[in-house]
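Just below is one structure, and these are the notes that go with it.
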There are 2 protein chains.
Amino acid sequence: MSGPPVNTTVTRARELAEAVPPENTGPRPRPTIRNVAERAGVSKSLVSLVLRGSPHVSEHRRQAVLQAARELGYRPNAVARSLVEGRTHLVGALVADLHNPFYAQCLDGLQESLHGDGLRLLIGNSQWDPAFEDEAVEAFLELRVDGLVLLGIAPTSDTLIEATGYTPTVVVGERDIELGSVDVVVDDDQLGARLAVDHLVEFGHRRIAHIEGARSSSGRFRCEGYLVAMRRHALAPYIMVEQSECTEEGGAAAAHNLLTRDPRPTAIFAANDAVAIGVLSAAAELGLRVPDDLSVVGYDNTHLAGTQPISLTTIDQPRRAMGRSAAALLSDRIGDPGKSSRLRQVTPQLVARRSTGPARP
Amino acid sequence: MSGPPVNTTVTRARELAEAVPPENTGPRPRPTIRNVAERAGVSKSLVSLVLRGSPHVSEHRRQAVLQAARELGYRPNAVARSLVEGRTHLVGALVADLHNPFYAQCLDGLQESLHGDGLRLLIGNSQWDPAFEDEAVEAFLELRVDGLVLLGIAPTSDTLIEATGYTPTVVVGERDIELGSVDVVVDDDQLGARLAVDHLVEFGHRRIAHIEGARSSSGRFRCEGYLVAMRRHALAPYIMVEQSECTEEGGAAAAHNLLTRDPRPTAIFAANDAVAIGVLSAAAELGLRVPDDLSVVGYDNTHLAGTQPISLTTIDQPRRAMGRSAAALLSDRIGDPGKSSRLRQVTPQLVARRSTGPARP
DNA sequence: GGTAACAATGCGTGATCCAGAGCTGGTGTC
DNA sequence: GACACCAGCTCTGGATCACGCATTGTTACC
């Protein structure tokens with residue numbers, strides 16, 4: 001070697017970035033395991049042994065290899081490694097809607113846990129478009145991901161069903177998956193609905209309406225839970241259900257329908273936070289004060305619900321925990337595919353804020 | 001062939017998924033190009049030609065190959081392909097905070113455009129942790145992504161700087177990047193700040209305060225724009241600046257400081273929407289009505305700002321456009337690395353909502 | 001001479017690319 | 001008219017990519 005080998009690591013990056021003239025020819029070719037071997041004066045297999053932490057290597061050579069790798073800025077090529085290993089250590093997560101903070105937080109939990117298992121997370125978002133779903137999954141399959149996580153997406157299309165046959169898969173937030181080899185993580189929507197109704201009943205409400213989220217299995221379960229809870233409190237005569245899209249606008253429209261009835265409900269349990277915020281808007285428009293004239297409960301405890309001006313009472317799903325559960329199931333299934341399907345149900349909790357209060361007759 | 005070749009595609013997926021017994025041995029081995037070649041009675045090279053759309057293939061063989069591929073459910077192995085092609089067609093996006101809807105929408109624009117260039121998007125989120133940043137970039141480099149997009153992250157660590165030397169890189173939402181080979185996409189923060197001040201001045205406000213977002217280059221630029229605009233309106237004597245973290249809590253605290261001064265400002269221009277929402281909370285706590293007693297302007301036009309109960313006047317950055325710009329720059333740089341650095345500045349717009357109104361002395 | 005302890009060689013992974021083989025039909029030469 | 005030659009198209013085999021692993025090879029020490 002020519003130069004002094006002192007403390008090369010820290011300053012190397014900057015050197016590398018600045019050594020190239022402005023009109024450079026682009027990225028240098030990356031060093032391979034061969035270059036490292038050459039520089040260290042050993043065979044490429046030995047480099048592999050060192051980098052994979054084999055104990056059967058002399059300290060002297062190990063140091064030589066490590067230093068050569070450092071000096072060259074060597075990074076093993078995951079592509080080549082995957083090819084020969086037959087697995088990529090990648091997990092593809094397909095998200096129905098990246099903007100929904102609910103999924104974002106699930107992803108946090110997922111990433112956190114997968115990281116511990118040496119798996120990396122790729123994220124694709126379908127933006128609720130089945131064509132994008134298929135395309136994204138197709139991409140994941142071509143990339144040969146080791147596992148698949150579907151967030152808010154049920155495997156109903158042929159492409160997705162086929163994918164579950166090829167790749168270990170976990171579904172988060174959707175129920176009624178009939179495939180034998182797919183695990184499912186959901187929260188107990190029925191319990192969540194019961195918590196909401198109980199909370200309102202404790203405040204003395206009786207005319208408690210529900211806005212059901214259309215086209216989602218959890219929407220159905222929440223509605224089911226609402227009905228059961230209302231009957232349990234002997235409030236069956238006061239049951240009122242309105243359907244709505246899971247959006248602010250949908251919620252506002254549905255709430256308008258409910259609040260212009262006579263007698264109008266004194267409390268509304270909405271399918272999720274977005275819908276609940278729509279309810280708040282409708283109430284404001286009708287001159288109803290929250291919580292004095294109307295109590296509102298949402299579902300999901302999204303970031304929105306926590307902001308001071310909104311301060312929405314809502315049902316919190318332990319999202320990170322759901323992500324972690326999904327990761328655990330997936331790692332397990334990757335290790336031993338061909339297990340039969342499992343269902344993990346996590347427990348939701350009520351978060352009381354300022355949108356609920358005592359009923360005033 | 002044995003069975004009738006009718007409509008195999010549609011039903012195949014379901015067959016595949018259901019043909020396996022519950023206690024199966026896990027995913028079947030995936031068919032390779034060799035299997036397809038064998039089944040079609042041609043060489044593997046020809047299969048490659050067909051699948052890559054070469055014109056120099058007879059229609060007869062082409063059909064045979066395509067059918068064999070279909071029957072086997074063949075999907076090219078992106079790993080092997082990347083290895084030999086020397087590029088992965090992957091772009092790694094590193095996001096400071098996936099929960100921030102601002103970045104989520106940038107990603108939409110990015111994905112949209114990259115898709116058109118045959119590039120796929122991998123998303124990593126650093127959760128504001130520099131260690132995660134380095135790790136995620138390390139992962140991207142090992143995966144040999146063709147390009148890198150940094151959203152809200154400036155390449156300051158050695159790992160990141162080194163990465164920009166190896167891989168075409170575009171930075172979104174951070175300024176002051178001194179690296180010669182990195183493109184930058186930002187909005188014109190100074191103009192945005194001017195729009196906010198002008199809007200408030202039109203409403204007759206003079207005591208307009210600013211809450212500056214700490215530790216971010218755009219925070220500095222927005223503050224700069226505020227100062228310039230105030231001076232231009234001859235309102236230099238009324239300049240009031242308070243520093244704050246870019247969070248709701250930080251905004252509330254800073255607003256509290258401002259609003260307990262005497263005389264207090266009649267309008268506050270906040271560094272971003274989260275801070276502005278903190279301002280709304282603080283105002284509510286102090287019994288100040290918005291916009292009657294206090295006008296508030298945010299920045300970013302996040303989803304929060306648009307919800308009815310909040311209805312925040314704010315500066316909209318064309319996020320999708322920023323994403324698209326970033327994609328264009330990146331594709332360009334991937335095609336021709338070694339270009340010198342470019343800066344794209346997009347134009348923000350004011351979105352007037354109910355948090356601003358006429359000044360009342 | 002036997003046995004550790006290590007180093008070097010070579011094969012396999014799935015796809016692409018390149019050089020070239022086989023075939024066909026057309027052209028030129030004797 | 002017979003033969004060689006050529007161009008162009010279609011198709012094939014082998015080299016290649018970077019790495020991991022199993023096998024073989026080489027010391028050195030007892």
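Residue numbers start from 1 in every chain, and the chains themselves are labelled A, B, ... in the order their sequence lines are given, proteins ahead of strands.
- Note that CG of B:L121 is 10.0 Å distant from CG of A:L122, once rounded to the nearest 0.5 Å.
- Counting non-hydrogen atoms under 4.0 angstrom, A:V79 reaches nothing in the nucleic acid.
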Between B:Q67 and B:E71, is a side-chain hydrogen bond (donor to acceptor under 3.5 Å, both in side chains) present by the stated rule, with each step listed? CA-CA 6 Å; B:Q67 179 169 349; B:E71 285 170 4; 2.8 Å; yes
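- The phosphate of D:dC9 (OP1 or OP2) has no side-chain N or O of B:H56 nearer than 4.0 angstrom.
- Scanning DNA chain C 5' to 3' for nucleotides with an atom closer than 4.0 angstrom to a non-hydrogen atom of chain A gives a first and last hit of C:dA7 to C:dG14.
- At a threshold of 4.0 Å, the pair A:E142-B:R120 counts as salt-bridged, since one of the basic side-chain nitrogens sits closer than that to a carboxylate oxygen.
- At least one side-chain heavy atom of A:I153 sits under 4.5 Å from a side-chain heavy atom of A:S126.
- Remark: B:D183 does not engage B:R344 in a salt bridge, criterion side-chain N to carboxylate O under 4.0 Å.
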Scoring nucleotides 19-24 of chain D by protein non-hydrogen atoms under 4.0 Å (B base, S sugar-phosphate only, - none) yields BBB---
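- Counting only heavy atoms from C-beta outward, the side chains of B:L98 and A:L98 approach each other to under 4.5 Å.
- Place B:V57 and B:L83 on DNA chain D by their nearest nucleotides, and B:V57 ends up nearer the 5' end.
- Residue A:H89 qualifies as enclosed at atom NE2: its count of foreign heavy atoms under 6.0 Å is above 12.
- Using a cut-off of 4.0 Å between Lys/Arg side-chain N and Asp/Glu carboxylate O, A:R144 and A:E85 are scored as not salt-bridged.
- Here the P atom of nucleotide D:dT12 and the CD atom of B:E38 are 13 Å apart, to the nearest Å.
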